[in-house]
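Notes to accompany the following structure.
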Amino acid sequence: EAQVTQNPRYLITVTGKKLTVTCSQNMNHEYMSWYRQDPGLGLRQIYYSMNVEVTDKGDVPEGYKVSRKEKRNFPLILESPSPNQTSLYFCASSQRGADGYTFGSGTRLTVV
Amino acid sequence: GDSVTQMEGPVTLSEEAFLTINCTYTATGYPSLFWYVQYPGEGLQLLLKATKADDKGSNKGFEATYRKETTSFHLEKGSVQVSDSAVYFCALSGSGNTGKLIFGQGTTLQVKP
């Protein structure tokens with residue numbers, strides 16, 4: 001089944017403790033992207049990648065890192081999480097952005 | 001910059017009612033337009049899309065037509081069901097080669113039996 005898999009689905013952590021949210025797609029897609037969803041703010045892009053080793057900042061990149069060492073994987077790294085990064089995070093992939101994206105099921109992160 | 005504006009919700013309808021959710025956009029160039037749906041506790045699913053002016057996207061009884069003259073992409077369904085209760089997002093593919101999606105704020109639809 002074609003899908004984007006994110007892990008974990010739920011995570012509660014403490015301020016400053018480094019964490020990684022994994023994202024993997026099995027569709028050989030070129031594009032991958034991370035979004036965060038917050039009430040009243042909708043979905044905002046954090047980082048995106050157009051291919052292996054090609055990444056760039058989205059609208060809200062502060063406090064996040066990404067890497068794209070393999071085509072299928074696009075992990076999101078929070079080096080020192082803070083409470084304002086409490087949010088619902090989505091990973092998505094697409095062969096060509098104009099075709100639309102396939103989204104993962106989301107990761108609900110709480111930073112206390 | 002590019003942007004998407006959706007009608008505010010929540011929208012509450014009775015089963016079998018007609019649905020319209022308005023979406024207008026501002027964009028340079030010729031973006032593709034999308035409607036995504038998010039059911040409670042789930043990720044976003046692509047509902048339909050249109051890639052050029054006058055294209056009509058359709059899926060599961062939902063339709064939307066890409067209107068360049070009015071910069072709109074309104075979502076319609078002739079007869080809603082309780083199972084259509086969800087949050088609906090209008091989106092466009094941003095300019096440039098970033099593959100970026102720009103989303104509207106989302107409209108919550110609640111359908112009552």
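Naming convention: chains lettered A, B, ... in sequence-line order (proteins, then strands); numbering from 1 in each chain.
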Self-check item: With B:Y88 via ring pair (Phe, Tyr, Trp, His ring centres under 6.0 Å) - residues at least two apart
Solution: B:F62
Exercise. Could you tell me the separation between the OG atom of B:S93 and the CZ atom of A:R96, rounded to the nearest 0.5 Å?
Key: 8.5 Å
Quiz prompt | Partner chain A: residue of B:Q38, B:E42, B:Q45 with the largest heavy-atom pair count (under 4.5 Å) | solution = B:Q38
Self-check item: Side chain / backbone / both / neither for A:R9 at chain B, heavy atoms under 4.5 Å
Solution: side chain
Self-check item: Residue pairs, two or more places apart or on separate chains, that pass side chain to side chain donor-acceptor pair (under 3.5 Å) and touch residues 58-70 of chain A
Solution: A:R36-A:Y64, A:S49-A:R68, A:D59-B:K100, A:Y64-A:Y89, A:K65-A:E79, A:E70-A:N73
Exercise. Treat each ILVMFWY residue as a node, draw an edge where side-chain heavy atoms are under 4.5 Å apart, and state whether B:L92 and B:L48 are in one component.
Key: yes
Exercise. Is it possible for you to say whether B:F34 and A:Y48 belong to one hydrophobic cluster, with membership spreading through side-chain heavy-atom contacts below 4.5 Å?
Key: yes
Quiz item: Are B:L101 and A:L76 in one and the same hydrophobic cluster, where Ile, Leu, Val, Met, Phe, Trp and Tyr link if side-chain heavy atoms are under 4.5 Å apart?
Solution: no
Practice problem: Please tell me if the side chains of B:L44 and A:L43 come closer than 4.5 Å, counting only heavy atoms from C-beta onward. | Solution: yes
Quiz prompt | Counterpart residues, side-chain hydrogen bond (donor to acceptor under 3.5 Å, both in side chains), relative to A:R44 (two or more places apart) | solution = A:D38
Quiz item: Checking A:L41 against chain B: side chain, backbone, both or neither under 4.5 Å from a heavy atom?
Solution: backbone
Exercise. Anything in residues 6-27 of chain B with a heavy-atom distance to chain A below 4.5 Å? Please list those residues in order.
Key: none
Practice problem: State yes or no: do A:F74 and A:Y101 share one hydrophobic cluster built from I, L, V, M, F, W and Y residues joined by side-chain heavy-atom distances below 4.5 Å, directly or via other members? | Solution: no
Self-check item: Stepwise ring pair (Phe, Tyr, Trp, His ring centres under 6.0 Å) test for B:Y36 and A:F103
Solution: CA-CA 10 Å; B:Y36 282 85; A:F103 280 76; 5.4 Å; yes
Quiz item: A:V4 and A:L88: same hydrophobic cluster, using ILVMFWY side-chain contacts below 4.5 Å?
Solution: no
Quiz item: Is the number of heavy atoms from other residues, nucleotides or ligands under 6.0 Å of B:Y30 OH greater than 12?
Solution: no
Exercise. Starting from the C-alpha separation in whole Å, work towards a yes-or-no answer on side chain to side chain contact (heavy atoms under 4.5 Å, CB included) for A:Y35 and B:F103.
Key: CA-CA 11 Å; A:Y35 290 84; B:F103 287 90; 3.8 Å; yes
Practice problem: Give, as side chain, backbone, both or neither, the part of A:Q6 having an atom under 4.5 angstrom from any heavy atom of chain B. | Solution: neither
Quiz item: Hey, is NZ on A:K57 packed in by over 12 heavy atoms from elsewhere, all under 6.0 Å?
Solution: no
